[in-house]
Structure formats: C-alpha cells, structure tokens
Amino acid sequence: MTETSSTPSTAGDAQEAPRGRLQRLMRYLPLVAPVLLWAVPGGVLLYTGQHWPLPVTLTGTGLFVLGLIGMPLAMARGHGRRQQDWAAIVGDTLLGSMWVLFTWSVLLGVLLRPALTVAGVGDGQDRARIVTWAVLGVTAVLLGWGYAEARRVPRVRRVDVELPRLGAGLDGTRVVLLTDTHYGPLDRARWSERVCERVNTLEADLVCHTGDIADGTAERRRAQAAPLGTVEATRARVYVTGNHEYYSEAQGWVDLMDELGWEPLRNRHVLLERGGDTLVVAGVDDVTAESSGLVGHGADLAEALDGADPGLPVLLLAHQPKFIDRAAAHGVDLQLSGHTHGGQIWPFHYLVRLDQPALAGLTHHGARTRLYTSRGTGFWGPPFRVFAPSEITLLVLRSAS
C-alpha cells in the first residue's frame, strides 16, 4: 500500500506544469505515433549496417510502408462510422504488434549492439544482423505469450482490505470486481461464460462491474455480454458506466445490464447489510459522461451519497482511478476502479500514469480513503497482454476490530 499526502499549492503547481505540457503533447500523438511505430523498427532492422541483399531490403521496406498506410485505414474502418469487425481486428493486431516491435527495436538497438561491440562479437554487419534477429525473436515470443495471456480466463487475485469504519458484522464480506471486459470484434462469448463460471466459484456477497463492458452497442455485443446474467451474488450485483459506454450508446448498456439483473448505480447507492452492520455501496457515471451530451448522465458523487448516513462506511464504484480526489474529499472509505488495464502492453503504463494517479493494486489517499485499481478482466483493441496480466479480483473486507 502506498501513501499519498497533500502538498503545498506551490509544489502542486510545479508538478502540474510539466504534466500539462505532456498532456498537450499527447494531443499530437495520434498523428506522429503511426509514423514512429513503423519507421523506427524499419530503420533499425533494415538500414543500420545489415547490408541485406537488395530483394530483402526492398521487400522489407515495402512491408513497412504497406503497414504504415494500412494500419490507420483498417483502424478507421473498424472503429469509425462503419465499425467493420474484420478491419478492427486487423488494425488492432497490427497496432499491438508494432508497439512491441517498436519497443524492442529501440531497447535492443540501444543496448545489445554496444554489448556485442564490447564483447568483440563479429564485425559491424554481424552485430547489426544479430540485433535484427534478436528483435524479431523477442517480439515473436512476447506476442505469442501476450496473445495467450489476453485470451485466457483471468487469474483470481485476492486482496484483504481493512476499513477502519467497517462494522464487525461486515468483516469477511467478499466483493468480486470485474471491469473492462471489452467485448468486441473478436467474439468472446465462450470466454465470457468461463469468466462468469469462475466468478460463481468465489461465493461473493457483492459482485461489481466498473464499466467498459464492450466496444460497440449493446445490441451488437449482446451475445457476448449475456453470460453476465448468470453471475451469482448473495447480496447484489452492481454496475457503473465506463468511458467506452459513452462511445457506444451508453443508455443501451445501462438498460441491458438492468435486464440481466444487475443494478446500475448511476449516481445513487444501495445498502448492504450483514451481521447487523451496514455498508453504503455507491456508484457514479464515468467522468466522460459530463461531455457526452446524454441528458441526465454525469458523475455526481454528492447525489450518489444523498440520503446515506454519513457515519456508515462507503464503498464507491467509479470507472477511472482519477475520480479518487473527489472520493477522498467526500470521505469515501474504498473506491473500486479499472480503466488502466495495468498498461496492457509494456511499457505503455508510463503513458497511462500521465493521466491516472494509480496503475494497479491498492493505494491509500488522504486520511482514510483507499483505492483499488484492477488491471481489467479483458483487453482493449490489440489482443495482447504483455507484463500486465488480466484479473478477476476478490476483495475481502476486514474491520479494524
């Protein structure tokens, strides 16, 4: 568990200045990133002293140019107005593959070649070709492993969370957290069934889904989401929207989850009673709802807690970890979030941390507020998880007594 504490405003301003510049720089990333993703590996693998035969160089160059043109087109067709699933699969797979190839082209290009030089291995051409084969080999292994990790049923991660205000009657309450299932172009209906079967072995009192159910409308992804209706909990199944719902007719997802027997917590709360003690379980819309244009959608924690006894402990569902500042200001005891995917494909987590205060796991904020950030149950876009495994989280709540 990590501690966060308030700092003087001058220090806060100093920290926010570079973050603001980085966020402005990130606006141009969609324009620059595709060029870098394809040009850097192409240069490292083909034009840094390998002296490949001309047909090899021309073929390799042609493939990189074709990818640079084809990947954005496939992603636009797959995720744009047409939303053609085959195009989304092609574009997303290319994106994830090139991210891994780019990463290891840079790392091995910078680290391995000097090491080979110091070790006196071969001449310049030999060393360049060793780097090329090493990059291709590492990339192939990581993509194969990452694909298997993305498609497997997530491991169960158990975390005991002590909440000082939790009554003794609620000690041992079992909360299962699902998030970021991201049902999408790759049909994962059977995977969804197996995830729900795994959840039902955990004997949960409360099951939570903190949003990003799918990429696509509820009508389009209904078959993949339908197994959520089989999830079992002794007290309640509750759900809040994520940012991806607001890209795909959010109200349709709220209605479908209600139809499947889940209770959408749209700026409202329910009470969980056990052993004579009570826990307030509240939820808010995702922060992106405020700019979605949907009437009645928007994160409002004050409304979510309206009417709740302020002396009772509060468990809050909020899709994005960065909602934690508002949660701490309201004295929430535990916030459950997703959104980050733990970075999903290393080292993307460095970019995630520019936008979110936590990447994964349990953190401590303010006087009493704890935040648990899940790495997510599914995956978004590229069907790979590299050094960021998915999870089904079992949180066992513990009282101080």
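As the structure is a prediction and not an experimental result, all values here were calculated from the model.
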Trainee: May I have the step-by-step check of salt bridge (Lys or Arg N to Asp or Glu O under 4.0 Å) for Lys322 and Asp355, ending in yes or no?
Mentor: CA-CA 8 Å; Lys322 64 184 176 183; Asp355 184 54; 3.4 Å; yes

Trainee: Testing the 3.5 Å rule here: is there a donor-acceptor pair between the side chains of Arg113 and Thr48?
Mentor: yes

Trainee: Pick one: which of Arg188, Gln224, His341 meets side-chain hydrogen bond (donor to acceptor under 3.5 Å, both in side chains) with His182?
Mentor: His341

Trainee: Any donor and acceptor pair, going by atom type alone, linking the side chain of Arg274 with main-chain N or O of Asp171 inside 3.5 Å?
Mentor: yes

Trainee: Identify the heavy atoms of Val254 and Tyr239 that sit nearest to each other, and give their distance.
Mentor: CA-CE2, 4.2 Å

Trainee: Any idea how Trp104 and Trp346 line up, ring-wise: parallel (<30°), tilted (30 to 60°), or perpendicular (>60°)?
Mentor: tilted

Trainee: Please evaluate residues Glu391 and Arg385 with respect to the criterion salt bridge (Lys or Arg N to Asp or Glu O under 4.0 Å), reporting the C-alpha separation (whole Å), side-chain torsions for both, the decisive distance (0.1 Å), and the verdict.
Mentor: CA-CA 11 Å; Glu391 65 180 78; Arg385 274 188 171 269; over 6 Å; no

Trainee: What residue among Thr241, Asp212, Asp286 forms side-chain hydrogen bond (donor to acceptor under 3.5 Å, both in side chains) with His319?
Mentor: Asp212

Trainee: Taking all non-hydrogen atoms of both residues into account, name the closest pair between Thr132 and Val44 and its distance.
Mentor: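 Scanning both residues, the minimum pair turns out to be OG1-O, 4.2 Å.
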
Trainee: Please name the residue in the list Val314, Asp306, Val284 that meets the side chain to side chain contact (heavy atoms under 4.5 Å, CB included) test with Leu301.
Mentor: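 Among Val314, Asp306, Val284, the one meeting side chain to side chain contact (heavy atoms under 4.5 Å, CB included) with Leu301 is Val284.
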
Trainee: Assess, by modelled atom type and distance only, whether the side chains of Gln125 and Gln50 contain a donor and an acceptor separated by less than 3.5 Å.
Mentor: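 There is no such pair between these side chains.
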
Trainee: Does Thr373 use its side chain to pair, donor to acceptor, with the backbone of Ala360 at less than 3.5 Å?
Mentor: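 Looks like no, no N/O pair under 3.5 Å.
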
Trainee: Please check: side-chain N/O of Glu162 versus main-chain N/O of Leu397, any donor-acceptor pairing under 3.5 Å?
Mentor: no

Trainee: Testing Ser390, Pro227, Pro154 one by one against Val195 for a side chain to side chain contact (heavy atoms under 4.5 Å, CB included), which residue passes?
Mentor: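 Per the side chain to side chain contact (heavy atoms under 4.5 Å, CB included) rule, the option paired with Val195 is Pro154, out of Ser390, Pro227, Pro154.
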
Trainee: Between atom CD of Glu303 and atom NE2 of His269, what is the distance when rounded to the nearest 0.5 Å?
Mentor: 11.5 Å

Trainee: Evaluate Phe379 against Glu149 for side chain to side chain contact (heavy atoms under 4.5 Å, CB included), listing each step before the verdict.
Mentor: CA-CA 10 Å; Phe379 61 85; Glu149 278 291 311; over 6 Å; no

Trainee: Show your working on side chain to side chain contact (heavy atoms under 4.5 Å, CB included) between Tyr183 and Leu228 and close with a plain yes or no.
Mentor: CA-CA 12 Å; Tyr183 303 123; Leu228 292 173; 3.9 Å; yes

Trainee: When you compare the side chain of Leu371 with that of Pro321, does any pair of heavy atoms fall below 4.5 Å?
Mentor: yes

Trainee: Any Lys/Arg nitrogen of Asp85 or Arg221 sitting under 4.0 Å from an Asp/Glu carboxylate oxygen of the other?
Mentor: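 Between Arg221 and Asp85 there is a salt bridge, with a charged N closer than 4.0 Å to a carboxylate O.
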
Trainee: Give the C-alpha distance, both sets of side-chain angles, the deciding distance and a yes or no for side-chain hydrogen bond (donor to acceptor under 3.5 Å, both in side chains) between His365 and Thr363.
Mentor: CA-CA 7 Å; His365 302 258; Thr363 52; 2.7 Å; yes

Trainee: Can Thr181 and His209 be counted as having a side-chain donor-acceptor contact under 3.5 angstrom?
Mentor: yes

Trainee: Does the gap between the ring centers of His79 and Tyr247 come in under 6.0 Å?
Mentor: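 Between Tyr247 and His79, which both carry aromatic rings, the centre distance is not below 6.0 Å.
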
Trainee: Looking at Thr393, Thr340, Thr377, Thr210, which hits side-chain hydrogen bond (donor to acceptor under 3.5 Å, both in side chains) with Thr179?
Mentor: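 Answer after filtering Thr393, Thr340, Thr377, Thr210: Thr210.
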
Trainee: Is it the case that the side chain of Arg237 and the backbone of Val231 share a donor-acceptor pair, with hydrogens and angles ignored and the cut-off at 3.5 Å?
Mentor: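 Between the backbone of Val231 and the side chain of Arg237 there is a qualifying donor-acceptor contact (under 3.5 Å).
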
Trainee: Can you tell me if Thr173 uses its side chain to pair, donor with acceptor, with the backbone of Leu170 under 3.5 Å?
Mentor: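 It does hold such a pair.
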
Trainee: More than 12 heavy atoms of other residues, nucleotides or ligands under 6.0 Å from CD of Glu249: is that the case?
Mentor: no

Trainee: Looking at Thr201 and Arg198, would you say the former's side chain and the latter's main chain have a donor-acceptor pair under 3.5 Å?
Mentor: yes

Trainee: Is it the case that over 12 heavy atoms from other parts of the model lie below 6.0 angstrom from the CH2 atom of Trp145?
Mentor: yes

Trainee: Treating Ser292 as the side-chain partner and Ala289 as the backbone partner, does any N or O pair qualify as donor plus acceptor under 3.5 Å?
Mentor: yes

Trainee: Could you pull out the closest heavy-atom pair between Ala299 and Phe323, with the gap in Å?
Mentor: CB-CE1, 3.8 Å

Trainee: Write down the atom of Arg127, the atom of Gly122, and the distance for their closest heavy-atom approach.
Mentor: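 Heavy atoms only, the tightest pair is NH1-O, 2.7 Å.
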
Trainee: Grab the two heavy atoms, one from Asp285 and one from Gly296, that are nearest each other, plus how far apart they are.
Mentor: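 Heavy-atom minimum between the residues: OD2-O, 4.2 Å.
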
Trainee: Please report the interatomic distance CG(Leu46) to CH2(Trp52), rounded to the nearest 0.5 Å.
Mentor: 8.5 Å

Trainee: Checking Asp205 side chain against Thr234 main chain: does a donor-acceptor pair fall under 3.5 Å?
Mentor: no

Trainee: Using only heavy-atom distances, determine whether the side chains of Glu290 and Thr288 contain a donor-acceptor pair under 3.5 Å.
Mentor: no

Trainee: Give the minimum heavy-atom separation between Pro72 and Gly67, together with the two atoms involved.
Mentor: CD-O, 4.1 Å

Trainee: Any carboxylate oxygen within less than 4.0 angstrom of a Lys/Arg side-chain nitrogen, looking at Arg190 and Glu193?
Mentor: yes

Trainee: Consider only side-chain N and O atoms of Gln83 and Arg77, and report whether a donor and an acceptor are under 3.5 Å apart.
Mentor: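 Their side chains do not contain a donor-acceptor pair, so the 3.5 Å distance test is not met.
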
Trainee: At what distance, to the nearest 0.5 angstrom, does CG of Leu316 lie from OG1 of Thr369?
Mentor: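 These two atoms lie 9.5 Å from each other.
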
Trainee: Under the side-chain hydrogen bond (donor to acceptor under 3.5 Å, both in side chains) rule, what pairs show up with a residue in residues 59-70, not counting sequence neighbours?
Mentor: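 As it turns out, the side-chain hydrogen bond (donor to acceptor under 3.5 Å, both in side chains) pairs with a partner in residues 59-70, which skip direct neighbours, are Tyr47-Thr61.
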
Trainee: Is the backbone N or O of Asp160 less than 3.5 Å from a side-chain atom of Arg398, with the two atoms forming a donor-acceptor pair by type?
Mentor: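 No, because the side chain of Arg398 does not come within donor-acceptor range (under 3.5 Å) of the backbone of Asp160.
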
Trainee: Using a 3.5 Å distance criterion without hydrogens, assess whether the side chain of Asp325 forms a donor-acceptor pair with backbone atoms of Ala327.
Mentor: no

